[in-house]
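Each remark here refers to the structure printed beneath this line.
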Amino acid sequence: MEDETTTEMYRARTDALTTDVGEGRPVVFAHGTLMDRTMFAPQLEAVKDDYRAVAYDLRARTDRYAQGYDLRDLTDDCAALLDGIGEESAVVAGMSMGGFMALRFALAYPDRVDGLVLIDSMAAPHTADEQEIYGELVEPLEGSHDPNPRELAESVTGYLFGETTREENPDLVESWVDRWATYPGAAVYHELHSWLDRPDVTDRLSEIDVPVLIVHGEEDPSIDPSRAEPMLEEFPDAEMVVVPEAGHTSNLERPEPVNDAITSFLDERF
């Protein structure tokens with residue numbers, strides 16, 4: 001019942017959980033772990049003149065963070081969100097965890113997906129070693145409603161941002177550390193565990209017969225671009241853009257080339 005109630009929130013409180021701008025074909029943006037819908041501000045600005053651009057907060061950034069959930073629940077949330085904004089289908093753009101969700105959304109709700117944009121994401125699972133490292137990182141946060149320790153927030157910047165950004169734009173990094181240090185520990189714990197042991201869906205990508213754009217930071221320290229490239233061979237219709245001097249949050253670190261890639265993709269394919 002809890003999951004149904006939580007998913008219903010995306011229909012009943014859609015306006016409280018989204019930034020919704022522009023008119024036209026809908027493009028829905030789903031963020032990655034530790035991030036929130038504001039990470040897509042540059043993309044919403046770039047596409048709002050020609051498309052309806054909607055960025056939303058996934059569960060961990062809401063008041064429903066303390067219940068365990070998985071990517072199947074997040075796909076149902078996305079379907080409920082489409083109901084809430086009154087759209088039958090959309091181009092779904094997901095960054096990292098948002099991309100893990102977007103792939104599964106396309107498989108579970110094929111009639112509701114017009115296209116995919118996968119930003120610093122992949123179809124393959126994380127390795128056993130990575131699962132162990134990430135699991136140990138958030139283990140102290142289990143059940144905690146206190147804010148994350150700032151030391152922990154600072155320690156994960158190397159996973160989220162590329163080397164160039166950490167060196168040349170420390171203010172951007174610091175602004176997100178400030179935000180991460182306000183999150184309840186349990187929110188981060190359940191967010192990470194929603195995807196940590198996910199199965200591989202590479203062998204099902206051929207079922208996703210819509211245009212796909214893969215965007216990836218060249219300096220992504222968490223998911224190397226080489227781990228996204230195999231998707232190109234599996235999707236029926238996909239292209240990939242590698243963004244120089246960008247890390248795991250490439251759309252935030254280098255918005256101009258990412259915006260160019262996304263707007264070109266949308267304009268040419270839709």
Side-chain angles (χ1 to χ4, degrees), residues 29-43 55 58 71 92-103 116-135 137-138 153-177 179-180 188 191-192 194-196 198 200-202 205 212-235 238-262 265:
F29 293 87
H31 63 77
T33 302
L34 290 177
M35 309 308 287
D36 61 38
R37 71 184 193 245
T38 67
M39 77 170 304
F40 294 114
Q43 285 69 55
L58 278 66
L71 289 170
V92 180
M95 175 262 167
S96 191
M97 174 185 74
F100 307 155
M101 182 283 297
L103 286 172
L116 291 178
V117 179
L118 303 174
I119 303 169
D120 297 287
S121 197
M122 62 179 175
H126 281 82
T127 66
D129 286 347
E130 288 171 325
Q131 292 180 39
E132 182 178 1
I133 291 169
Y134 292 150
L137 189 66
V138 301
E154 291 175 343
S155 72
V156 298
T157 57
Y159 293 107
L160 274 294
F161 298 100
E163 182 179 358
T164 299
T165 297
R166 295 197 304 274
E167 291 178 357
E168 297 183 359
N169 195 357
D171 289 347
L172 174 66
V173 177
E174 192 69 13
S175 70
W176 282 95
V177 170
R179 191 169 303 194
W180 299 339
V188 175
E191 183 173 40
L192 186 134
S194 72
W195 53 259
L196 189 59
R198 69 192 184 284
D200 194 344
V201 293
T202 303
L205 298 185
V212 178
L213 172 66
I214 300 167
V215 178
H216 218 98
E218 189 174 39
E219 299 178 2
D220 188 336
S222 296
I223 300 175
D224 189 86
S226 63
R227 301 173 76 177
E229 289 170 358
M231 294 190 290
L232 285 170
E233 301 300 318
E234 303 296 332
F235 283 123
E239 58 188 281
M240 183 171 180
V241 174
V242 177
V243 185
E245 300 184 328
H248 193 55
T249 56
S250 60
N251 65 292
L252 189 61
E253 297 175 60
R254 291 291 180 267
E256 293 84 2
V258 174
N259 290 348
D260 288 345
I262 292 175
F265 173 71

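Just so we're clear, the structure is a prediction, and the values are computed from it rather than from any experiment.
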Using the side-chain contact (heavy atoms from CB on, under 4.5 Å) criterion, which residues pair with [X]? Sequence neighbours excluded.
X: E167; value: E163
X: I133; value: Y159
X: V138; value: L141, V188, Y189, L192, H193

Does [X] have any side chain to side chain donor-acceptor pair (under 3.5 Å) partners at least two apart in sequence or in another chain, and if so, which?
X: T164; answer: E219
X: R166; answer: none
X: S155; answer: none

Is there a donor in the side chain of [X] and an acceptor in the side chain of [Y], or the other way round, less than 3.5 Å apart?
X: S250; Y: D120; value: yes
X: D36; Y: H31; value: no
X: T33; Y: W195; value: yes

Open item on the list: With a 4.0 Å cut-off on N to O distance, would you call R227 and E130 a salt bridge?
Closed with: yes
Task: Donor-acceptor contact below 3.5 Å, side chain E253 vs main chain G247 - done: yes
Open item on the list: Would you call the rings of H126 and F100 parallel, tilted or perpendicular, taking 30° and 60° as the class edges?
Closed with: perpendicular
